[in-house]
Number of protein chains: 2
Amino acid sequence: MTTAEETAGGEKQPWAEVTPDAARRLLVAAVEAFAERGYHATTTRDIAGRAGMSPAALYIHYKTKEELLHRISRIGHEKALDILRTAARRDGTPSERLADAVSSFVRWHAGGRTTARVVQYELDSLGPDARAEILALRRQCDAEVRGIIEEGVAAGEFDVLDVKGTTLAVLSLCIDVARWFNVDGPWTPDEVGALYADLVLRMVGVK
Amino acid sequence: MTTAEETAGGEKQPWAEVTPDAARRLLVAAVEAFAERGYHATTTRDIAGRAGMSPAALYIHYKTKEELLHRISRIGHEKALDILRTAARRDGTPSERLADAVSSFVRWHAGGRTTARVVQYELDSLGPDARAEILALRRQCDAEVRGIIEEGVAAGEFDVLDVKGTTLAVLSLCIDVARWFNVDGPWTPDEVGALYADLVLRMVGVK
DNA sequence: CGGTGCTCTAAGCAACCGCTCACCTTCGGC
DNA sequence: GCCGAAGGTGAGCGGTTGCTTAGAGCACCG
């Protein structure tokens with residue numbers, strides 16, 4: 001009833017690695033609740049209720065409410081890093097790889113908006129240790145994109161004034177998709193991905 | 001060139017219009033607390049404490065905690081709209097006006113990051129009525145930027161495939177500055193503004 | 001001087017929060 | 001048939017939340 005499946009956007013079975021079935025149901029429920037109301041506004045009773053369980057059941061599988069957010073954040077960031085890494089290391093020119101990286105990264109943020117929203121916007125709700133761990137993953141995402149841009153500049157394909165700043169802007173553009181996408185928007189994730197790939201190629205000065 | 005009231009990293013006095021002095025102190029305290037911890041994680045006791053008052057004093061000037069967020073959001077959005085409107089309606093070519101709009105809009109998000117963060121990211125914490133009012137202001141922001149881009153296309157200065165999508169991307173890029181700026185970044189608001197103005201001109205295909 | 005309105009405080013209420021505990025059910029192995 | 005582990009529940013604890021109430025201090029005004 002709440003937020004229908006995002007199968008339309010292409011989210012497959014992203015939480016298959018969460019092994020006890022009840023633990024996965026709780027985690028999926030937490031993703032939905034966090035995305036809708038935010039971490040602090042979500043109660044453990046709400047999460048357990050969405051998973052069809054009593055409030056106490058949550059604490060059999062997770063030590064605290066924050067551990068749920070931590071798990072969601074880590075798995076999500078690993079998925080995001082995997083997407084960028086795959087695009088960065090395939091065959092092709094820097095232009096092709098950058099376009100691939102941006103379009104698939106944007107598709108993930110648009111199609112799995114529920115997940116992406118939690119992953120990208122609830123970072124500050126984590127404690128210092130968990131936060132530092134996630135930030136390390138985020139720096140790796142940054143490095144993958146910067147690598148493509150640097151190669152494009154070295155190959156003479158790109159014309160960029162500030163590599164670091166442009167990298168940050170490209171990632172920022174993609175990430176913010178999770179904030180605005182599909183509040184009854186007229187675009188599919190594929191369309192936004194294609195549009196954004198074009199815009200980013202313009203940003204790096206592809207002739 | 002720049003409105004010099006924005007000192008580096010510091011807050012200006014944009015809240016001069018909030019008339020009883022105690023009410024303004026409470027509102028400024030709320031902006032800081034909401035930006036640091038988020039709306040739901042902020043307690044009314046924390047807000048009152050920052051303003052040097054007892055918890056009950058808050059309710060003399062504001063009916064609820066949500067009314068504080070509403071006031072902050074409305075004033076902030078009006079300021080943002082004012083910035084875009086000023087840039088859009090000044091003299092100059094579409095390229096010049098777009099660059100001006102982007103750089104000043106970005107400067108506001110970077111320099112007044114505390115305020116901008118609350119304004120842009122705590123919208124969902126408002127009730128339906130207040131939320132609808134703010135969304136109307138946001139659509140006006142969108143219309144100002146789209147207007148500049150449409151004029152640039154009509155004048156043959158810009159080469160844009162999807163005006164609506166590009167407008168959204170430009171605003172998204174600027175808004176997301178409030179999320180990442182100054183987490184020990186090496187840039188000043190002016191530098192980010194200049195970089196982003198260049199990137200946006202590339203996005204709209206200025207020759 | 002007594003009243004009047006405004007600002008602020010100390011104390012506290014009802015509700016809700018994250019989380020725990022004693023206890024119940026199910027089920028495979030022997 | 002018995003047992004211990006694993007997964008689940010209802011009840012509830014201590015603490016915190018947004019907000020209220022009774023009343024104190026204080027300028028102003030007839």
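Throughout, a chain's letter reflects where its sequence line sits, starting with A, and its residues are numbered from 1.
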ask   = Quick one: is dT20(C) close enough that its OP1 or OP2 comes under 4.0 Å of any side-chain N or O from Tyr59(A)?
value = no

query = Hey, is the main chain of Phe181(B) close enough, under 3.5 Å, to the side chain of Arg113(B) for a donor-acceptor pair?
reply = yes

query = Are OP1 or OP2 of dC8(C) and a side-chain N or O of His61(B) less than 4.0 angstrom apart?
reply = yes

ask   = Tell me: NZ of Lys65(A) to P of dC16(C), nearest whole Å?
value = 16 Å

query = salt bridge (Lys or Arg N to Asp or Glu O under 4.0 Å) between Arg85(B) and Asp82(B): does it pass, once the steps are laid out?
reply = CA-CA 5 Å; Arg85(B) 195 166 270 167; Asp82(B) 181 60; over 6 Å; no

remark   = From CD of Glu66(B) across to C1' of dT17(D) the rounded distance in Å is 16 Å

query = At under 4.0 Å between heavy atoms, what does Ser54(B) touch on the DNA or RNA strands: base, sugar-phosphate, or nothing?
reply = base

remark   = Expected list for residues 67-76 of chain B near DNA chain D, using heavy atoms below 4.0 Å, is none

key: Length of the CG-P vector between Leu26(A) and dG7(D), whole Å   = 12 Å

query = Atom CG of Asp46(B) and atom C1' of dG18(D): how far apart are they, to the nearest Å?
reply = 14 Å

ask   = Taking only residues two or more places apart in sequence or in another chain, which ones pass ring-ring contact (aromatic ring centres under 6.0 Å, His included) with Tyr62(A)?
value = none

ask   = Could you state the CZ-C1' distance from Arg37(A) to dC17(C), rounded to the nearest angstrom?
value = 15 Å

task = Measure from NZ or CZ of Lys65(A) to the centre of the six-membered ring of Tyr39(A), then state whether that distance is under 6.0 Å and the direction lies within 45° of the axis.
result = yes

For atom CE of Met53(B) and atom P of dA10(C), their distance in whole Å = 13 Å

request  = Kindly point out which of dT9(C), dT17(D), dG18(C) is positioned nearest to the side chain of Ile60(B)?
outcome  = dT9(C)

query = At what distance, to the nearest 0.5 angstrom, does CG of Leu126(A) lie from CD of Glu133(A)?
reply = 9.0 Å

message = Measure CG/Leu58(A) against C1'/dG8(D) and give the value in whole Å, please.
response = 13 Å

inquiry  = Using the side-chain heavy atoms of Ala57(A), tell me which of these nucleotides is nearest: dT17(D), dG18(C), dT9(D).
reply    = dT9(D)

query = Between His61(B) (side chain) and Ala57(B) (backbone), is there a donor-acceptor pair under 3.5 Å?
reply = no

inquiry  = If I take atom CZ in residue Arg45(A) and atom P in nucleotide dT9(D), what distance separates them, rounded to the nearest angstrom?
reply    = 14 Å

note = Sorted by position of nearest nucleotide on DNA chain C, 5' first, the leading residue of Arg25(B) and Thr44(A) is Arg25(B)

inquiry  = So if I apply the side-chain hydrogen bond (donor to acceptor under 3.5 Å, both in side chains) rule between Glu67(A) and each of Lys63(A), Arg71(A), His70(A), which one comes out positive?
reply    = Arg71(A)

